[in-house]
Structure formats: C-alpha cells, structure tokens
Amino acid sequence: MAKIIDGKQFAADLRGKMTTQIASLKEQHNIVPGLAVVLVGEDPASQVYVRNKGKQAKECGINSIEHKLDESTDEAFLLNLIDEMNQDPAINGILVQLPLPKHIDSDKVLNAIDPAKDVDGFHPINVGLLSTGGKGMIPCTPLGSLMMLQDYHGDLTGMNAVVVGRSNIVGKPMFNLLLQQSCTVTVAHSRTKNIEEVVREADIVVAAVGVPELVKGSWIKPGATVIDVGINRIETDEGKTKLVGDVEFESAVEVAGAITPVPGGVGPMTIACLLYNTMVAACRHNNVDMPEA
Ligand code: NAD
C-alpha cells in the first residue's frame, strides 16, 4: 500500500514558512509583497479560484489586490491596466485569471505582463529561462509537484521519470524541471505508442492529461512515486458528482510506493506556489536575499 503524499498539509506547512519569511521581509526591509489578480467576467469557477488566492495571500501577509472587471471589458483597457501594474513598484506579481472572454487575445495579454512579475510563469521569456536553466518564474503546478517529489525522495538524480501530457502549463515545464534535477525524462502524450509500457519504466510518474483515471495501477512499476495533477469532475452511479485525478487511485495505491490523492494532492500546492513566486519576485525586485523560514 502506497504512502499518501498529503498535499494539503504540505501546502499549509509551506504557507506557514512563508508567513514567517514575509514577516521578516517587512521587519528587516519594510517590504510587503504585492499580488494583483485580474478577473474578467463572471465565470463561477474562476471567481472561487480568485477568492481563494486573495484569502490565502492575505493570510501569509501578502498585499492582495483584486481587479474584477466586467465581461465586456475590451483588450485595450486590459493592456493599459497591465502596463500600469508593470510600472507599480508595490506590485510584485500579476496574475490574469484564465479563461478570458473570447473577444480578448489571451496570448497578447499574458505576453504584456513584465516577465519579472509573471508569477504564473507562462510568459515566453520565463519559458525560455526555464529551459535554459536561467532565473525566471516557474509555473506553479509543476513547481508544487517538484517540491513534493524532492521532499519525499531528496535527490532525484538518475531517476527515470515519465510525464504523461505535454501541455504548456504542466507537461512541458514539468519535463524541464525534472531534467534540471538530472532525471532521465520521457514525455508521453496522446500519440505515444505502448503508453502503458512507457509508464511502467518510470520511478516517477507525473500524470497531467485531463482524462479521468486514465493511468491504471497495472501501468505503474511497483514502488514508483505517482504525482496526479489531474482534476476531473465525474458523475457517480448515484447521480452525484465527485473529483477524480488522471490516475485510477484505487488500483494505483496498491502498487505505487507513494501517491498524491485527488483532491488534496497537487491542487493545494498550486496556490501555495503562486504565493511563493510572489515572495520570490518581491525579493528579486528589491535585491534582497530570501529570509530564512
Ligand atoms: P491539456 O488538455 O492542456 O493537456 C493534456 C495533455 O494530455 C496533452 O498534451 C495531450 O497530449 C495529453 N493527452 C490527452 N489524452 C491523452 C491520452 N489518452 N493519453 C496520453 N496523453 C493524453 O491539460 P493540462 O492543462 O495540462 O491539464 C491536465 C490536467 O491537470 C487536467 O485534469 C487539469 O484540470 C489538471 N490541472 C490541475 C492543476 C492543479 O492545480 N492541480 C493545474 C493545471 C491543470
């Protein structure tokens, strides 16, 4: 039976450490990290995410600024707002909640964010810095996944890792992060042949596919560590709904050495890493070292 990696607890511990670090930043340097979150429209899921981000930011001592804009907001207005925030020294992180309404070009908006304030790590400059080993901003979900892997294993050097999924926000940055840690990394995707055999070679499996319970226990090498990034809402036989990952937990937990559950695994780490990136950005902007926790 696998050890369950408790992402909720891990995220709470990380936020606890950050609260101490952010208090030191204020005490020693009079710095209060600022995070601006922009929400356009009324998407209910996005509203919940933005509310949670703001609440957790404040709890850690981050100054959280929310811009809730009408669905009809035009691109020029949004670009102008981003420009103002890029210039504002009190703002260290800028996050534009996706999806944006169809009349707005998301790439244009995301690319307008100052890369040093791009706490989501989606700007092409940060993508390039990650793949060349530079000092950029790392996307939150892969960063949270890596933190849990390092906490569990320590050094990852030489391990065989398989990332299932090649998206820009999870699969590709996860590949780069694991490669930086000197893993031997394979990226599997929807066109991969014999995917079960590919996954069975892995000491570390990261599933970011968006297909409910795709990865079965029979695909997992006994003792492997499984990080399930997927968040899928499915209907149960009783006509209710529940959240499941991209891994079939019931069968995988019998074979793996360690596994993240859904919910309560990678999900809570994503917001914690957004706050972490905001703190990192504030230190860099002010040219100070990150305080000890
Ligand atoms: P995406 O749709 O952008 O990419 C999915 C990838 O999976 C694609 O590269 C595709 O090639 C691959 N894929 C699709 N079907 C496949 C199959 N049958 N076999 C093998 N590969 C297949 O998705 P994404 O944005 O990377 O998200 C993936 C999952 O992670 C989703 O469930 C999403 O909700 C979740 N997610 C969770 C968090 C979090 O905070 N925990 C953050 C982002 C995404």
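Computed from heavy atoms alone, side chains included, the values below leave out hydrogens, waters and symmetry copies. Both ligands and their constituent atoms are indexed starting at 1 by order of listing.
Residue nearest to atom 7 (O) of ligand 1, selected from V262, V209, I227: V209 (by heavy-atom distance). Atom 28 (C) of ligand 1 has its nearest heavy-atom neighbour, among S145, A207, A208, S167, in A208.
Within ligand 1, counting atoms from 1 as listed, the ones closer than 4.0 Å to a heavy atom of V211 are 15 (N). Atoms of ligand 1 found under 4.0 Å from any heavy atom of G230 (numbered from 1 in listed order, with element): 29 (C), 30 (O), 32 (O), 35 (C). Applying the 4.0 Å criterion to heavy atoms of G165 picks out, from ligand 1, the atoms 6 (C), 7 (O), 9 (O), 12 (C). Residue G210 approaches ligand 1 through these ligand atoms, each under 4.0 Å from one of its heavy atoms: 28 (C), 29 (C), 31 (C), 32 (O). Atoms of ligand 1 found under 4.0 Å from any heavy atom of L214 (numbered from 1 in listed order, with element): 17 (C), 18 (N), 19 (N). Close contacts between ligand 1 and I195 involve ligand atoms 20 (C) [criterion: under 4.0 Å to a heavy atom]. Interface of I169 with ligand 1, defined as ligand atoms under 4.0 Å from a residue heavy atom, comprises 25 (O). Applying the 4.0 Å criterion to heavy atoms of V266 picks out, from ligand 1, the atoms 41 (N).
Counted within 6.0 Å of CD on Q28, heavy atoms from surrounding residues, nucleotides or ligands total more than 12; the atom is thus considered enclosed. Around the CG atom of L243, the shell of radius 6.0 Å holds more than 12 heavy atoms that belong to other residues, nucleotides or ligands.
Atom 43 (C) of ligand 1 has as its closest protein heavy atom V170 CG2, 3.9 Å.
Residue contacts with ligand 1 include G267, since one or more of its heavy atoms lies under 4.0 Å from the ligand.
One hydrophobic cluster holds both F122 and I82 under the rule that ILVMFWY side chains link at heavy-atom gaps under 4.5 Å.
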What donor-acceptor contacts under 3.5 angstrom involve side-chain atoms of residues 281-288, with partners at least two apart or in another chain?
residue	atom	partner	partner atom	Å
R284	NH1	G136	O	3.0
H285	ND1	N92	ND2	3.1
H285	ND1	A281	O	3.2
H285	NE2	A116	O	3.1
N286	ND2	A282	O	2.8

Show every donor-acceptor pair shorter than 3.5 Å between a side-chain atom in residues 252-275 and any protein atom, with sequence neighbours excluded, or say none if there are none.
residue	atom	partner	partner atom	Å
T260	OG1	D228	N	2.8
T270	OG1	T141	OG1	3.0

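Using a 4.0 Å cut-off between heavy atoms, N232 contacts ligand 1 through its side chain alone, with no backbone atom that close.
Per-atom contact check: atom 24 (P) of ligand 1 touches the protein, criterion being a heavy-atom distance below 4.0 Å.
For the pair I231 and ligand 1, the shortest N or O to N or O distance falls below 3.5 Å.
Between Q21 and M290, the shortest heavy-atom contact is NE2-CG, 3.9 Å.
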### Task
Decide side-chain contact (heavy atoms from CB on, under 4.5 Å) for Q180 and L146; before the verdict, give the C-alpha distance in whole Å, the side-chain angles of both, and the deciding distance to 0.1 Å.
CA-CA 11 Å; Q180 266 179 19; L146 180 69; over 6 Å; no
### Message
Set out, in order, the CA-CA distance, both residues' side-chain angles and the distance that settles side-chain contact (heavy atoms from CB on, under 4.5 Å) for N160 and I204, then state yes or no.
### Response
CA-CA 6 Å; N160 263 345; I204 293 171; over 6 Å; no
### Task
Take K221 and V199 through the side-chain contact (heavy atoms from CB on, under 4.5 Å) test and state the conclusion after the steps.
CA-CA 8 Å; K221 177 162 97 175; V199 174; over 6 Å; no
